[in-house]
Amino acid sequence: MPDLSGKHGLIVGVANKRSISWAIAQAAAAAGARLALTYPSERLEENVRDLAAKLDNPVVAACDVASDQQIADLASTLDREFGGLDFFVHGAAFAPSDALAHPFVQTPRESFRIALDVSAYSLVGLTRAVAPLMEKRGGGSVLTLTFLGSERVFPNYNVMGVAKAALESSVRYLAADLGPQNIRVNAISAGPIKTLAAAGISGFSSILQVYRDRAPLRRNVDLAEVADAAVFLLSSASRAVTGEVLMVDAGFHIGSGIPNP
Ligand SMILES: NC(=O)c1ccc[n+]([C@@H]2O[C@H](COP(=O)([O-])OP(=O)(O)OC[C@H]3O[C@@H](n4cnc5c(N)ncnc54)[C@H](O)[C@@H]3O)[C@@H](O)[C@H]2O)c1
């Protein structure tokens, strides 16, 4: 396992113990990192504080990623507590239910705006805020989480697919901007995993089944497998990798296993 000892990291996107971001937090902590976790609202604060209590000397701070003020306050807190930042995991995503429950063509303008703001723009706003902290450390690693619905149509994924396409493109533009500062920006495209966010996609269990049937490895992926890949991308083991979308999906994306007509 790559070493993150002496490193400080920010993890945005922990809601509960099934969150992919929580799996990454646990793996990064096991690799030696000290972490800051955020919560988006008072409703989730207790959950996040309970989980953070399992970590060594964590920082817990509020951050609704739709708020520029909260992003700025978070960056100040990190500067004060850590004096810089080595990595940032972005695991925030949201789409209003009216954009997931009807055909994509019916997506309301406001729901489209919210989904793209929370799920894609937030990577840009947060990365801009933490980049100066990473520069203090001579560079850093930014990692976000995406899904194959950015490129292919999955039933009911709808506006989240559009948001993930914007997110993956943002990874490439951010990587180009920040590479000269030795700040790397990558994404993991995870296979489907039952989480709170996934529960918002109706018919999600049939997506799980299709992966099980057709992925080269003939199974789904688990949280620990995504977290292990994340620790690689956060660590110096991946120091020459940037602008990349790493598929951690049991190989599903290669398209094998689709029956011939
Ligand atoms: N579960 C899957 O099958 C799967 C597959 C590929 C990618 N992903 C992506 O992984 C990431 C994490 O999702 P998850 O599946 O672990 O579900 P999750 O529900 O545990 O995590 C989503 C997080 O987004 C946060 N969030 C929503 N609105 C926010 C806001 N305004 N401000 C701050 N945080 C906000 C939620 O609090 C939650 O912690 C998401 O980007 C998701 O799209 C999930």
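Residues take their numbers from the sequence shown, with the count starting at 1. Counting starts at 1 for both ligands and their atoms, following the listed order.
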Decide yes or no for L196 and R18: does some side-chain heavy atom of the first lie under 4.5 Å from some side-chain heavy atom of the second? no

Sub-4.0 Å atoms of ligand 1 with respect to non-hydrogen atoms of P192: 3 (O)

Do the non-hydrogen side-chain atoms of Y173 and V124 ever get within less than 4.5 Å of each other? no

Are there over 12 heavy-atom neighbours, none belonging to N57, within less than 6.0 Å of that residue's CG? yes

Any idea which part of T146 is under 4.0 Å from ligand 1, heavy-atom wise: side chain, backbone, both or neither? backbone

Main chain of P40, side chain of D64: is a donor-acceptor contact present, judged purely on distance under 3.5 Å? no

Heavy-atom closest pair, residues A99 and T107: CB-CG2, 4.1 Å

Answer yes or no: is there a side-chain heavy-atom contact under 4.5 Å between V241 and L246? no

Backbone, side chain, both or neither: what part of L145 comes under 4.0 angstrom of ligand 1, heavy atoms only? both

If you measure every N/O of S19 against every N/O of ligand 1, is any gap under 3.5 Å? yes

Geometric N/O contact D64 with ligand 1, under 3.5 angstrom: yes

Under 3.5 Å between any N/O of A15 and any N/O of ligand 1: does that happen in this structure? yes

At a 4.0 Å cut-off, with the gap strictly under it, does some heavy atom of F204 reach an atom of ligand 1? yes

Short N-O contact, E46 and R49, less than 4.0 angstrom: no

Measure C63 to ligand 1 on non-hydrogen atoms and call it side chain, backbone, both or neither using the 4.0 Å cut-off. backbone

Among all protein heavy atoms, pick the one closest to atom 19 (O) of ligand 1 and tell me residue, atom and distance. A197 N, 3.0 Å

Any idea which of A187, A92, S67 brings a heavy atom closest to atom 25 (C) of ligand 1? A92

Of all protein heavy atoms, the one nearest atom 22 (C) of ligand 1 is G91 O, 3.5 Å

From L37, L133, L74, L35, residue fulfilling side-chain contact (heavy atoms from CB on, under 4.5 Å) relative to L10: L74

Are any of the side-chain heavy atoms of T127 and D177 separated by less than 4.5 Å? no

Report, in ascending order of atom number, the atoms of ligand 1 lying under 4.0 Å from any heavy atom of G191. 3 (O), 5 (C)

Does any N or O in the side chain of D86 come within less than 3.5 Å of the main-chain N or O of H8, such that one atom is a donor and the other an acceptor? yes

Any nitrogen or oxygen of G13 lying under 3.5 Å from a nitrogen or oxygen in ligand 1? Just yes or no. yes

Which protein non-hydrogen atom lies closest to atom 3 (O) of ligand 1, naming both residue and atom, and how far is it? I193 N, 2.7 Å

For atom 4 (C) of ligand 1, which protein heavy atom lies nearest, and how many Å away is it? I20 CD1, 3.9 Å

Are any of the N/O atoms in A190 less than 3.5 Å from those in ligand 1? no

Would a single hydrophobic cluster contain both V89 and L55, if residues Ile, Leu, Val, Met, Phe, Trp and Tyr are joined by side-chain heavy-atom contacts under 4.5 Å? yes

Check the surroundings of atom NZ in K7: do more than 12 heavy atoms from other residues, nucleotides or ligands lie under 6.0 Å from it? no

Distance-only N or O hit between ligand 1 and A93, under 3.5 Å: yes

Heavy-atom pairs closer than 4.0 Å: do any link ligand 1 to the side chain of T195, the backbone, both, or neither? side chain

Taking C-beta and beyond as the side chain, do N220 and K194 meet within less than 4.5 Å on heavy atoms? no

Quick one: look at K164 and ligand 1, take heavy-atom pairs under 4.0 Å, and tell me if it's side chain, backbone, both or neither. side chain

May I ask whether K194 places a heavy atom under 4.0 Å from ligand 1? no

Is V65 close to ligand 1, meaning an N/O of one under 3.5 Å from an N/O of the other? yes

For A199, is the nearest heavy atom under 4.0 Å from an atom of ligand 1? no

Measure the distance from atom 29 (C) of ligand 1 to every protein heavy atom, then report the residue, atom name and distance (to 0.1 Å) of the closest one. V118 CG1, 3.8 Å

Do the non-hydrogen side-chain atoms of W22 and N16 ever get within less than 4.5 Å of each other? no

Minimum heavy-atom distance between A120 and A163, given as atom pair plus value: CB-O, 3.7 Å

Which atoms of ligand 1 sit under 4.0 Å from any heavy atom of L44? 37 (O)

Heavy-atom pairs closer than 4.0 Å: do any link ligand 1 to the side chain of T144, the backbone, both, or neither? neither

